[in-house]
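One structure below.
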There are 2 protein chains.
Amino acid sequence: MPLDEFDRGIISSLQEDARMPVAAIADRVALSPTPVSRRIKRLEDDGIIRGYAPVLDPRKLGFELDAYVLINLAAHSDDNIERFESAIQANPYVIACHAVTGDMDYLVHVIARDVEHLSEITLKSLVRIPGVRDVKSIIVLETIKEKRALPLD
Amino acid sequence: MPLDEFDRGIISSLQEDARMPVAAIADRVALSPTPVSRRIKRLEDDGIIRGYAPVLDPRKLGFELDAYVLINLAAHSDDNIERFESAIQANPYVIACHAVTGDMDYLVHVIARDVEHLSEITLKSLVRIPGVRDVKSIIVLETIKEKRALPLD
DNA sequence: TATGAAATAATATAGTT
DNA sequence: AACTATATTATTTCATA
């Protein structure tokens, strides 16, 4: 069940390019294509690899702004939590949301076309979710790093 | 240059599954495989699709913890900024980092194996970067949403 | 300039040892 | 796990709108 050197090499290759041909991965990890193909299938079946996604350029799709919105609920009733979380799920501009420690309850990652759009998402969608008390926006000025690859050590 | 309905359908299909066969995408968008294949290549060449990545399960790879670390620099000298940013680039447990508005200068997304590991990353790596003044950790208790798909409207 | 149909090439998977 | 054979998938060619 734990990953061996081959599995790590395979995952690492896929993190570089998830469309890398099995034969190329096989060369890198010094194995033939067959076991590489089978190992990839096993990693998928085990849920270690959940799927594959394109890495898109948000700017080229019209999303110039990026913000992290910290949100506090007025009361942590089941009702408030459920309403909040389903509003979050339904909002296409929320690309990630976590319940967090600290002063605030949630950290919400939002993408927006421009400042007005961000303002609209925050003021018209997020603050209007019933039960939301306080909202603080942290606007991204510059992205220093965004490799979402996981270390395999 | 702007995307048409076909391009959006193609990107949307790839966001569901970046390994979806061209023929299947062709069916969905009511086109033959040939133009779908060419459009994907064009989207890649234009940098709209930057690449492809596996979606991994961090827990199954031993990363149980997730934190956002807010960092302040003592002074915003070029030296401090450069040292900080290269330390961030070199740290494999930093999966994202943004320069942000507000009280703090940077928002750093960190993954860790456990609490000790997070503590080690924060106290031994991040706070020790020369020029770092203040560090506040926001620990992720629960991930409510993590679809990183972009809207295409 | 972009498409569709057919042919070819590339790639992945399954069977066998 | 490798080798070989087969199946799937992607791409190129070419004719056409």
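Chain letters run A, B, ... following the sequence lines, proteins first and then strands; every chain starts at 1. All heavy atoms count here, side chains included; hydrogens, waters and symmetry mates do not.
- The CZ-C1' distance, from B:Arg19 to D:dT9, rounds to 12 Å in whole Å.
- Test A:Ile10, A:Leu14, A:Ile11 against B:Pro54 for side chain to side chain contact (heavy atoms under 4.5 Å, CB included) and you get one pass: A:Leu14.
- A:Val140 belongs to a hydrophobic cluster whose other members, connected by ILVMFWY side-chain contacts under 4.5 Å either directly or through intermediates, are A:Tyr68, A:Leu70, A:Val100, A:Met104, A:Leu107, A:Ile138, B:Tyr68, B:Leu70, B:Val100, B:Met104, B:Leu107, B:Ile138, B:Val140.
- Salt bridge present: B:Arg39 and B:Asp4 bring a charged side-chain N and a carboxylate O closer than 4.0 Å.
- When the shell of 6.0 Å around CG of A:Asp78 is examined, it contains 12 or fewer heavy atoms from other residues, nucleotides or ligands.
- Residues B:Asp66 and A:His98 approach most closely at OD2-CE1, 4.1 Å, considering heavy atoms.
- The side chain to side chain donor-acceptor pair (under 3.5 Å) test applied to B:Glu85 returns B:Tyr106, not counting sequence neighbours.
- Listed by residue number, there are no residues of residues 5-14 of chain B with a heavy-atom contact under 4.0 Å to DNA chain D.
- Taking B:Glu5 as the reference, B:Arg8 meet the salt bridge (charged side-chain N to carboxylate O under 4.0 Å, His left out) condition, with sequence neighbours excluded.
- Take B:Arg148 and apply the salt bridge (charged side-chain N to carboxylate O under 4.0 Å, His left out) test, not counting sequence neighbours, and it matches no residue.
- Applying the salt bridge (charged side-chain N to carboxylate O under 4.0 Å, His left out) test to B:Glu64 and every residue at least two apart in sequence or in another chain returns nothing.
- Here chain A contacts DNA chain C (any atom closer than 4.0 Å to a heavy atom, that is under 4.0 Å), and the contacts span C:dT11 to C:dG15 from 5' to 3'.
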Distances under 3.5 Å between nitrogen or oxygen atoms of protein and nucleotides 5-8 of chain D:
none

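- Taking a 4.0 Å limit (strictly below) on heavy-atom distances, residues 28-39 of chain B reaches DNA chain D at B:Thr34, B:Ser37, B:Arg38.
- The existence of a salt bridge linking B:Glu120 and B:Arg113 is excluded, since no basic side-chain nitrogen approaches an acidic carboxylate oxygen closer than 4.0 Å.
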**OP:** Decide yes or no on side-chain contact (heavy atoms from CB on, under 4.5 Å) for B:Ile81 and B:Leu73, but give the supporting numbers first.
**Re:** CA-CA 8 Å; B:Ile81 291 172; B:Leu73 295 187; 4.0 Å; yes
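- Closest heavy-atom contact between B:Arg128 and B:Leu123: CG-O, 3.7 Å.
- One distance of note links CG of A:Asp153 with OH of B:Tyr93; it measures 3.5 Å at 0.5 Å rounding.
- For the contact set between residues 44-57 of chain B and DNA chain C, defined by any heavy atom under 4.0 Å, there are no members.
- Applying the side chain to side chain donor-acceptor pair (under 3.5 Å) criterion to A:Arg83, with sequence neighbours excluded, gives A:Asn80.
- In this structure B:Glu146 satisfies the side chain to side chain donor-acceptor pair (under 3.5 Å) test with no other residue, sequence neighbours excluded.
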